[in-house]
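Residue numbers run from 1 in the order of the sequence given. Source: prediction; values computed, not measured.
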Amino acid sequence: EDIEIVCIDDCSTDDTAKILEQYAQKYEQIKVYKNSVNGGLAKTRNLGIEKATGEFLMFLDGDDTLQPDTISELTHYAQRYKADIVMFDAFCRFEFQELYDAALEKYYHRTEAYAYSTGRDTLSRMIMNDDLCDSACLMMIKYSWLKEAGVLFEEGKIYEDCMFVTDCLLK
């Protein structure tokens with residue numbers, strides 16, 4: 001209940017907008033915004049950053065799911081350790097066996113715990129260990145820190161997550 005869900009419809013062509021509005025009417029925690037033109041992922045995420053008001057921020061894409069306690073556990077760690085960023089791993093589910101990709105599955109699992117270190121140290125160690133997973137969807141970020149740091153997604157770039165995650169860790 002103590003959560004804000006900001007949904008951005010980036011000019012979907014299916015029933016996404018209608019479904020989001022139905023959820024927003026049912027749950028006051030859900031806020032729905034629409035891009036007037038398809039602006040791409042970076043523009044959509046930046047709009048989400050602009051509209052969010054919570055203590056922490058996470059990104060969730062349409063093909064992502066969370067375990068029921070994910071947000072409360074990450075919030076606990078962030079508050080306990082006064083962390084600006086909490087990074088976590090993910091499991092890949094492949095809809096069909098033909099789509100299975102061992103490299104992709106490994107990509108979302110780090111081989112080491114990078115606890116309680118600076119972002120620069122973490123970034124350096126992850127690069128040295130070939131362990132950098134640069135997905136913005138695998139971070140919980142303290143919202144006030146993000147706003148103060150001024151980190152946004154660079155619009156018009158492919159792999160905008162890579163630059164965003166790197167910028168966050170360097171700052």
Asks: How long is the gap from OH on Tyr159 to CG on Leu41, to the nearest 0.5 Å?
Replies: 13.0 Å

Asks: Kindly indicate whether the side chain of Met140, heavy atoms from C-beta on, has any atom under 4.5 Å from the side chain of Ile71.
Replies: yes

Asks: Can you check whether Ala103's main-chain N or O pairs, donor with acceptor, with Asp101's side chain at less than 3.5 Å?
Replies: yes

Asks: Say whether Leu123 and Val165 are linked into one hydrophobic cluster, either directly or through other cluster members, by side-chain heavy-atom distances under 4.5 angstrom.
Replies: yes

Asks: If you count heavy atoms of other groups shown closer than 6.0 angstrom to CG of Asp2, is the number above 12?
Replies: no

Asks: What are the two closest heavy atoms between Thr166 and Cys162, and how far apart are they?
Replies: OG1-O, 2.8 Å

Asks: Are Gln79 and Glu55 close enough that some pair of their side-chain heavy atoms sits under 4.5 Å apart?
Replies: yes

Asks: Do Tyr114 and Asn129 have side-chain N/O donor and acceptor atoms under 3.5 Å apart?
Replies: yes

Asks: For Thr118, is there any backbone N or O sitting under 3.5 Å from a side-chain donor or acceptor partner on Thr122?
Replies: yes

Asks: For Arg110, is there an ion pair with Asp131 - N to carboxylate O distance below 4.0 angstrom?
Replies: no

Asks: Testing the basics here: between Ala52 and Leu57, what is the closest heavy-atom pair and its distance to 0.1 Å?
Replies: CB-CD1, 3.7 Å

Asks: So which heavy atom on Ile49 is nearest to which on Val151, and how close?
Replies: CD1-O, 4.4 Å

Asks: Membership question, hydrophobic clusters at under 4.5 Å side-chain separation (ILVMFWY): are Ile127 and Leu170 in the same one?
Replies: yes

Asks: Check whether the side chains of Ser12 and Asp9 place a donor and an acceptor atom closer than 3.5 Å, and report yes or no.
Replies: yes

Asks: Please say yes or no: joined through hydrophobic side-chain contacts below 4.5 Å, possibly via intermediate residues, are Val86 and Met58 part of one cluster?
Replies: yes

Asks: Taking the side chain as C-beta and beyond, is there a heavy-atom pair between Lys147 and Trp145 under 4.5 Å?
Replies: no

Asks: Rounded to the nearest 0.5 Å, what separation is found between the NZ atom of Lys171 and the CG atom of Asp84?
Replies: 13.0 Å

Asks: Between Gln29 and Ile5, is there a donor-acceptor pair closer than 3.5 Å when you use the side chain of the first and the backbone of the second?
Replies: no

Asks: Look up atom CZ in Phe153 and atom OG1 in Thr44, then write down how far apart they are to the nearest 0.5 Å.
Replies: 10.5 Å

Asks: Of all heavy-atom pairs between Gly40 and Asp10, which one has the smallest distance, and what is that distance?
Replies: N-OD2, 3.1 Å

Asks: Does His109 reach the main-chain N or O of Ala90 with its side chain, forming a donor-acceptor pair under 3.5 Å?
Replies: yes

Asks: If you group Ile, Leu, Val, Met, Phe, Trp and Tyr by side-chain heavy-atom gaps below 4.5 Å, do Ile3 and Phe59 land in one group?
Replies: no

Asks: For residues Ile141 and Phe164, determine if any side-chain heavy atom of one lies less than 4.5 Å from a side-chain heavy atom of the other.
Replies: yes

Asks: Examine Phe88 together with Tyr108 and report whether their ring centres are nearer than 6.0 Å.
Replies: no

Asks: Rounded to the nearest 0.5 Å, how far apart are CG of Leu20 and CD1 of Ile30?
Replies: 8.0 Å

Asks: Roughly how far, to the nearest 0.5 Å, is the CZ atom of Phe56 from the CG atom of Leu74?
Replies: 9.5 Å

Asks: What's the separation between atom CG in Leu47 and atom CD1 in Ile8, rounded to the nearest 0.5 Å?
Replies: 4.0 Å

Asks: Does a sphere of radius 6.0 Å around CG in Leu99 hold more than 12 heavy atoms from other residues, nucleotides or ligands, not counting ones at 6.0 Å or beyond?
Replies: yes

Asks: Could you state whether Leu152 and Leu169 fall into the same hydrophobic cluster, counting links through intermediate Ile, Leu, Val, Met, Phe, Trp or Tyr residues with side-chain heavy atoms under 4.5 angstrom apart?
Replies: yes

Asks: Does the pair Arg45/Asp161 count as a salt bridge with the N-to-O cut at 4.0 Å?
Replies: yes

Asks: State whether the side chain of Ser124 and the backbone N or O of Arg120 hold a donor-acceptor pair below 3.5 Å, judged by distance alone.
Replies: no

Asks: Please determine whether a side-chain nitrogen of the Lys or Arg among Arg125 and Glu112 lies less than 4.0 Å from a carboxylate oxygen of the Asp or Glu.
Replies: yes

Asks: For Tyr23, is the OH atom crowded, meaning more than 12 foreign heavy atoms sit under 6.0 Å from it?
Replies: no

Asks: Would the number of heavy atoms belonging to other residues, nucleotides or ligands and lying under 6.0 Å from CG of Asp130 be above 12?
Replies: no

Asks: So do the side chains of Ile85 and Lys142 get within less than 4.5 Å of each other, counting heavy atoms only?
Replies: no

Asks: List the atom of Glu160, the atom of Glu154, and the distance in Å for their closest heavy-atom pair.
Replies: CB-O, 4.0 Å

Asks: Taking all atoms of both residues into account, what is the closest heavy-atom pair of Met139 and Met87, and its distance?
Replies: CG-CG, 4.2 Å

Asks: A side-chain contact here means heavy atoms from C-beta on lying under 4.5 Å apart; do Thr65 and Arg93 qualify?
Replies: yes

